[in-house]
Each structure stands twice: as structure tokens, then as C-alpha cells.
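Notes follow once the structure below has been shown.
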4 protein chains.
Amino acid sequence: MDATQTRPKRMPREVRERQMLDAAVAVFARRGYRAASMDEIAELAGASKPLVYLYLHSKEDLFSACIRREAEALISAVRGAVDRGAPADRRLWDGLRGFFAHTAAHPDGWAVLHCQARTHGEPFALEVAALRQQLVDVVTRLITETAEDGGCTAPLPETEVSGLAHALVGAAESLAGWSNERDGAAPSERETAATLMNFAWSGLENLANGRRWAPVGA
Amino acid sequence: MDATQTRPKRMPREVRERQMLDAAVAVFARRGYRAASMDEIAELAGASKPLVYLYLHSKEDLFSACIRREAEALISAVRGAVDRGAPADRRLWDGLRGFFAHTAAHPDGWAVLHCQARTHGEPFALEVAALRQQLVDVVTRLITETAEDGGCTAPLPETEVSGLAHALVGAAESLAGWSNERDGAAPSERETAATLMNFAWSGLENLANGRRWAPVGA
Amino acid sequence: MDATQTRPKRMPREVRERQMLDAAVAVFARRGYRAASMDEIAELAGASKPLVYLYLHSKEDLFSACIRREAEALISAVRGAVDRGAPADRRLWDGLRGFFAHTAAHPDGWAVLHCQARTHGEPFALEVAALRQQLVDVVTRLITETAEDGGCTAPLPETEVSGLAHALVGAAESLAGWSNERDGAAPSERETAATLMNFAWSGLENLANGRRWAPVGA
Amino acid sequence: MDATQTRPKRMPREVRERQMLDAAVAVFARRGYRAASMDEIAELAGASKPLVYLYLHSKEDLFSACIRREAEALISAVRGAVDRGAPADRRLWDGLRGFFAHTAAHPDGWAVLHCQARTHGEPFALEVAALRQQLVDVVTRLITETAEDGGCTAPLPETEVSGLAHALVGAAESLAGWSNERDGAAPSERETAATLMNFAWSGLENLANGRRWAPVGA
DNA sequence: CATGAATGAGGCTTCATTCAT
DNA sequence: CATGAATGAAGCCTCATTCAT
């Protein structure tokens, strides 16, 4: 009779669940975990609160589900961007581009992972730590291989490699935020990646060849 | 009547206020802004709740005061560590050491600035953004001078410099967290700074000299 | 298509309804009226929730139906146990045995009647009161006849008979719980009935003959 | 200015807490544990809900506190009514009068103990079971001594004594309800006690002397 | 000023119950 | 009829915040 009826839209569970996760990611990103209200999430999802609880059980579970979904999406984006078999520098370059492209396309998801999840206690921090560890692992492998390709004479100490990987990931995270904030003149993901690549590549090469900076007076 | 009563120590407002901020920073760092309760803060500060409200007006104001105090302390630590007049590389090195030393010495304050403040809406995010901008400005100046000292032929484009500065700050932030988490085997602030310096310095030098990495097939 | 599907067994309404009542009695006994959930009842009954509502209309109606069914079963058990025409003491003895046998055999039903129904507001309390009144009536008749058989000189005052009946029924109810709780060494319904009968019989006889206890100093 | 101000009545905690317990007992008695709402209790207590939670922590704790208070009051009433040193029959008589007087004076408390507490899961049932056990213990002692005073030749078997005690307590509980329900013509606690005493006393005497009822045909 | 009494507002969660398919 | 989608209403609990003493 009336095509404009809005209320009881029947939809398969799968679809509804995705809408809920979308809404939850948006609200968690905007407000933070504690300040986000299930009311707002439900409303944004176009569903009633009981339905949200029926499908996702609790605020905690909902947040976990968001983290898991976004983390998997990000990892997949990075993994899918690199061509196993390419040389190390190329793989680093491609991985960075994948990372920046994904974070730019999903700013809310990135905000949840980067800003919210780490600040709200064990259950969530652990899941994000697992994601971050995967990123760090990928980068660690690239650094090691890069060092080898670059003719490294002696293997770099493990602690230093770990530190470098964290530095690189931190730089990337920071640049992701930087390029997202510059509305209007946002650099393309290609430019962002180039900036970081220029910065990092020769640093790695130098390290691989034992050339280090040292304070003059010390 | 009774000299053994310990609780209602009369103290000058200045001292009391500092105790309150100390307590607040600790609780905000541990629990997050929303989950922190004024009750817990007052108790940890050893003061009554009405007094907290008398001095600091509201939870929001209290959080802002925390952010401002910690941000100023951090900036001062970095500024105080560098010797104006020293060459650019030395100043970067000293600034990094100051940064890592301070964040390691004040983990709660750093957690509030880095993890909590940015995730809780405009009023706070703005204050933290101002802090970060100051750090970025310092680094930007160093990069520019470094490029000049290194014999840069043409000035680097502004966007790229900004990106580099953000990358460097992000790397530093990430390393601060990394070195704090490694309980037991936490690297000294000197080692952490060295790791980043090794990584960054030659990158900057290369850039200053126009040597850039470029994708092979592009 | 597939003969192995087990769930949607078509069954006559009568059977389904009994299953539902069985499930409801079990759940109400275990959880109480308010804490029992229609979900749990439907699941235990092996039926879908809409069907439960189709047959039994509402939680309230369902509970009422449980009470009615269990009350009728109990009354029937007691009535069926006594042999009209036997002497009064024998009928009391048989009635008690019937009562204890039935409550022991249907602990959930007894729990619903004794524990749950009386504590949940008028609609249910009335139905249980009706049941209890029937029990009291039976007992009242027995007491009166016992008094006559025992050679009662003057009729007992009505209030006293009513009180005695309530005392007897209360004692029986209490013993039903007592014998059900003593897992392992649960006395047979015969022993339980004997305990109460020994206790009650001579009391009634004495009363019938006007012998009463009186406080010494009063 | 206006003596009719009603809202923020300041009162010492002790007083408020008693008002809350009074209100809670009334509401729990009327509605049952689950159906009672903290809103209604708070309103009846003339306090806000947060204050109820501040003092009594949770619905569960509140219910427990009610049970404990009412149980102690009842036990005290019974204990205080009997004169240690009086003969057994006199003590039974006095105890019953104390019991009926107290339950008649505090029908809500009695309802909570007798009807509500036992039907709502372990935490509460245990507390009530402890109370009931105390009553049963008292009665058990009286029965044993009565048997001895009455010239009991051989000690009664333990199970039988336990059964008798439960029967007597059940009868008393039932009579308490009976006399409370008869509004208008409610028998005095003295009459109620007399009814039960007449009923029970000769039964006990007979048992003590080995006279038992036995089915004719068995 | 310290203390303790007090609360409005709001958040998470759960049910009994109903349609559409 | 069985299924699964859907919700209004209500309940427990907590917190930032304020007075009176």
C-alpha cells in the first residue's frame, strides 16, 4: 500500500548484523567506548536495542566484534597489497600504500583500532595488540630481508630490529592520521607512502651497512 | 584535642591542588576519562569530594587541567634538553633523549596525553593537538635546518617537511610506548633515542641531497 | 524430503499442550514465576514460542493452567485414596498417605502449588486458596466425624475445628517438604503418614472428649 | 520560611536504613522478590534510589538484610517469651504464644520469611533454612524433654522426633497464616496457641508412653 | 573547610509478546 | 503451523554533582 513505511524492515540477520557493526564502529570512533551509548548505536543502525542485544549480546561483545572485523580488514588490505616474490623494497612500498589506502578509506575503523581499543582494558587491548603484532611482524621481516638484500655484513641485533619496526609502524600510524586530517588538501595515499618511503629507506640501508649516527661529543 | 588525627591536614591550596592533579592523572591513565570516577580520584588525593569540586569545578575541568599540566611538562622537558646553538643533529638527538626520558619517567602523564586525551571529544583533543603541534613545529625547524646544514640544494616542499615531521613524531611516540611496555628489559632512554636517530638521520640527509627512493616499475 | 528431521513433529493439540504444561511446571518450580522465562519453557517443551502463545495465551494464563492442573491432580489423588464408608480414622490415614505419595511423586507440581503460587498476587493466590480450602474441608469433615465417632459429648466450636484443620494441613505440608529434602534417607510415604497420624490422632480424641491442656499458672 | 518542605529530609544513616528495610519488607511481602521494584521500595522509604544503593548495595543484599533482620526478630521474640526453668509444657506454650504474637504483629516480616525467602534460590533459602532450623531445634528439645517428663520408657527414635518437630513447626506456620487471614474475627494469639497446644500436647504424651495409632487392617 | 546525606539523569540489559513468511 | 525477525516497556545500577552542618 505504502512504500514509505519505515519501521519494521525485515532483513536477514547477516545484513542487520553488518549494519549494526557499521553503526557501532562509527559511534565508538566518535565517542569512545565508554561514552558511546547502545541507544545511539541502535538508532544509527536503524534497529531496536533488543535486537542489537539479541545478535551481539553485550556492549563488550559488540566492541570486540568491531575490533575483530576492522583488524581483519586492515590486515587483509595490507597483505593483499604486497606481491610475495617482489624485492623487499617493493614489498615495503606496496604494503605502505595498502595501509594508507585502507586507513584513508575507513577512518572510523582506523580510529577504533588506533585510538579507542588500546585504551580500554585487557579484553580489547589484547585483540588490538595481536593486530599490531602482525603488522610489526610483517615489517620486521621486511627490515631483515632489506638488510640482507642491501648487503648487510652482520645481522642486526634483535632489539634494534624490533625498535625499528615499531618506529616505522608508529610513523605510518601518525601519517595516516596526518593525511586524514588535512581535509581539502589531503595527500593521496601514494604521496603519503612516498614520504615515508623516502624517509625510511635510506635509513635502513645505512643501518644495514653499519653506518650509524653518533653524537659528536659523546 | 587529639594530635594523632591524620586526615584533615590543613595545607595550602597549591599543594592540595597538586595532589589532586597527581591523583587524577593516575586514575585517568588507569581507567580512561569516562570510567574514572571522581570518588576514586578524591580518595586517592586524600581530599574530600566537595573540596575537589571547589578547586577544580568539574570532571571536565579537572581533565583539562591534567592535560595542560602534563603537556607543559613534556614540552618543557624537550625544550630544556636541547642546547640552542648546537648543530641541528645534536639538537635532534638531545630533544629525542629529553622526550624519551620524560615519557619514561612519567608514564601516567604520557598515557593521558597520548591515549586518553585524543579520544574524548573536542574540548580535550584540541588541547592535545596544540601540544602535538608544538612538538611538530620543533621537529619541522630541525628538519629544515638539517637540510640546510647538509647542503640542500633546493628547499624541500612544505608538505613533505610536514609529513616528515609527523612521521618522526609518530615514530617517537610509538617508541615511547614500546620502551615502556618492555618491563624488565626496558631499553634506556639513550638506546631508544639512538635507535630512532640511526633510522632517521641518514634518511633526512639523503632527502636533503635529493636522493630519493622510487618504485622500480613506476 | 528428509525423514530424519526431528523437530517439527506434528502432534495433536492435546499432547502438545500437556508437554507445554509439563515444561512450564518444571521451569516455574525451579525458577519461580517471575524468573521463569517463556523462552526456556518453550525450549523445554520442544515447541516454538508462538505456538505456546497460541495455545496458552500468556504467561499468566500458562501459570494459572499449571496451578489448576496440579491442584486437580492433587485433590484427585487424595480423594481417590480414601474409601468412603471406612471409619474416620482409617479415612484420615488413607488421605494422608495419598497426599504424601502424590507430593513425593510430583515434587515440581507440589513446589508450584506450595511455594510459588501463593506468593505471586491475587490471580494465582486465589486459585491455590481454593485448593487449600478443599483440603481443609476434607479434613474438617474428618475431624467432625472423628469427634462423633469418639463419643464427643458436645460439638466442637467451629473456629476451633477450622484451626485444627489448618494445623493438620500445615503439618502435612511441612512434612511433605521435610521428607522430600532428606535425600538418601527419605522416609517412605507410609512412615511420614504414620508420624503425623500418631501425633494427631490422640490429640483429636482427647479434644473430642473434652480433655484439654491448660497452663498451670493461668 | 516554609515548614512543609518535604524533600531533602536529612536524617542519620541509622534511621534511614531502618526506613528502607521497613519499606523493603513491605514491598517484598506484597510483590515477591522478583516482582518488587527498587523504585517502589525507594519511594515507600521516602528516599531516592541512589541512596538505597549507597546503603544497601544491591537488591540481593537488601533482601538478605530483610531476611536477617526479620529472622532475628522472630527468634528473639520466641526465645524471649519462654522462661528457662519452667516445665516443658509451659515452655512450649509460652514459645507458641510468642511465635503467634510476633507473626501477628509483623505480618509482612512473616510473609517474607515464610513465603518469599524460601522460593528464591540458594543465597536466601540458606538464611531462612538456618532460621527454621533454630525453631526446629527449640521444638525438638521441648519434645525430648516432654517425653522424659511424661515418663517416657524408651527414647523416641531420632527420625520420628525430627518429623514431629517439623510437623509442629509446620502446624504453627500454617496457623499463623490462618489467624492473620481472618480479618475482623482474627483469633487472639492466646486462642491460636491454645488450639495448637490442645492438639499437640496429648499427642506427644501418648507417644511418650508408647501409645500409637495403627491402621486396623494392616 | 571536612563530612556525610542526598539525588536527577542516564546507561546496560532483559522480557513478554507479536508479525511476516 | 514452525520459524526468525522485531520491539515497548521496564528494571537494576552508577555517577557527577550539590547542600547542610
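Protein chains get the first letters and strands the later ones, always in sequence-line order, with residue 1 at the start of each. Fair warning: this is a prediction, and the values are worked out from it, not measured in the lab. Scope of the values below: all heavy atoms of this structure, side chains included, with no hydrogens, waters or symmetry mates.
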Fill in: Whole angstrom value for the distance that separates C1' of F:dG11 from CD of D:Glu40
13 Å
Worksheet item: OP1 or OP2 of E:dC15 less than 4.0 angstrom from a side-chain nitrogen or oxygen of A:Tyr53, does that happen here?
Response: no
Discussion item. Students often get this wrong, so: under 4.0 angstrom with heavy atoms, is A:Pro12 touching a base, only sugar-phosphate, or nothing?
Written reply: nothing
Worksheet item: With a 4.5 Å heavy-atom cut-off, do A:Arg31 and B:His120 have their side chains touching?
Response: no
Worksheet entry | DNA chain E: 5'-proximal contact among C:Asp39 and D:Met11 (nearest heavy atom) | D:Met11
Practice prompt. Name the closest nucleotide to the A:Arg10 side chain, picking from E:dC19, E:dT7, E:dC1.
Written response: E:dC19
Practice prompt. For residues D:His106 and D:Trp110, establish whether the separation of their ring centroids is below 6.0 Å.
Written response: no
Practice prompt. Would you mind classifying the nucleic acid contact of B:Ala35 as base, sugar-phosphate or nothing, using non-hydrogen atoms under 4.0 angstrom?
Written response: nothing
Fill in: Rounded interatomic separation in angstrom, taking CZ from A:Phe28 and C1' from E:dC12
12 Å
Worksheet, complete the sentence: Considering only heavy side-chain atoms of B:Lys49, the closest of E:dT17, E:dA6, E:dT13 is E:dA6
Worksheet item: With no hydrogens and no angle check, is any side-chain donor or acceptor of B:Lys59 less than 3.5 Å from a backbone partner on B:Ser37?
Response: no
Worksheet item: Do the side-chain N or O atoms of A:Tyr55 get closer than 4.0 angstrom to the phosphate oxygens (OP1, OP2) of F:dA6?
Response: yes
Item to complete: Quickly work out the D:Tyr33 OH to F:dC12 P distance and round it to whole Å.
Response: 8 Å
Item to complete: Give one of base, sugar-phosphate or nothing for A:Ala42, where a contact means two heavy atoms less than 4.0 Å apart.
Response: nothing
Discussion item. Parallel, tilted or perpendicular: which one describes the rings of C:Phe63 and C:Phe124, with boundaries at 30° and 60°?
Written reply: perpendicular
Worksheet item: Taking the six-membered ring for Trp, are B:Tyr33 and B:Phe28 parallel (under 30°), tilted (30 to 60°) or perpendicular (over 60°)?
Response: tilted
Worksheet item: Between the main-chain N or O of B:Ile41 and the side-chain N or O of B:Lys49, is there a donor-acceptor pair closer than 3.5 Å?
Response: no
Discussion item. In whole Å, I'd like the distance from the CE atom of A:Met38 to the C1' atom of F:dT7.
Written reply: 15 Å
Worksheet item: What is the distance from CZ of B:Arg34 to P of F:dA16, rounded to the nearest Å?
Response: 9 Å
Discussion item. Within this structure, what is the CD-CD1 distance for the pair C:Glu127 and C:Ile67, rounded to the nearest 0.5 Å?
Written reply: 5.5 Å
Response to the item:
Considering only heavy side-chain atoms of A:Lys59, the closest of E:dT13, E:dC19, E:dC15 is E:dT13
Practice prompt. Ignoring backbone atoms, establish whether A:Arg16 has a side-chain N or O less than 4.0 Å from OP1 or OP2 of F:dA6.
Written response: yes
Worksheet item: What is the distance, rounded to the nearest whole Å, between atom CD of A:Glu43 and atom P of F:dG8?
Response: 12 Å
Practice prompt. Report the distance from atom CG of A:Leu51 to atom CE of A:Met20, rounding to the nearest 0.5 Å.
Written response: 4.0 Å
Worksheet item: Whole Å only: how far is the NE2 atom of B:His57 from the C1' atom of F:dA16?
Response: 16 Å
Item to complete: Among the candidates E:dT13, F:dA16, E:dA6, find the nucleotide nearest to the side-chain atoms of D:Ser48.
Response: E:dA6
Practice prompt. Hunt down any stem DNA chain E takes part in, defined as 3 or more consecutive Watson-Crick or G-U pairs whose two distances are each under 3.5 Å.
Written response: E:2-21 with F:2-21
Fill in: Selection from E:dT7, F:dC13, E:dT17 that lies nearest to any side-chain heavy atom of D:Ala47
E:dT7
Worksheet entry | A:Leu62 CG - E:dG11 C1' separation (whole Å) | 14 Å
Worksheet item: Starting at the 5' end of DNA chain F and moving along, which residue's nearest nucleotide shows up first, B:Ser37 or D:Ser58?
Response: D:Ser58
Worksheet entry | Selection from F:dG4, F:dA2, E:dC15 that lies nearest to any side-chain heavy atom of C:Leu51 | F:dA2
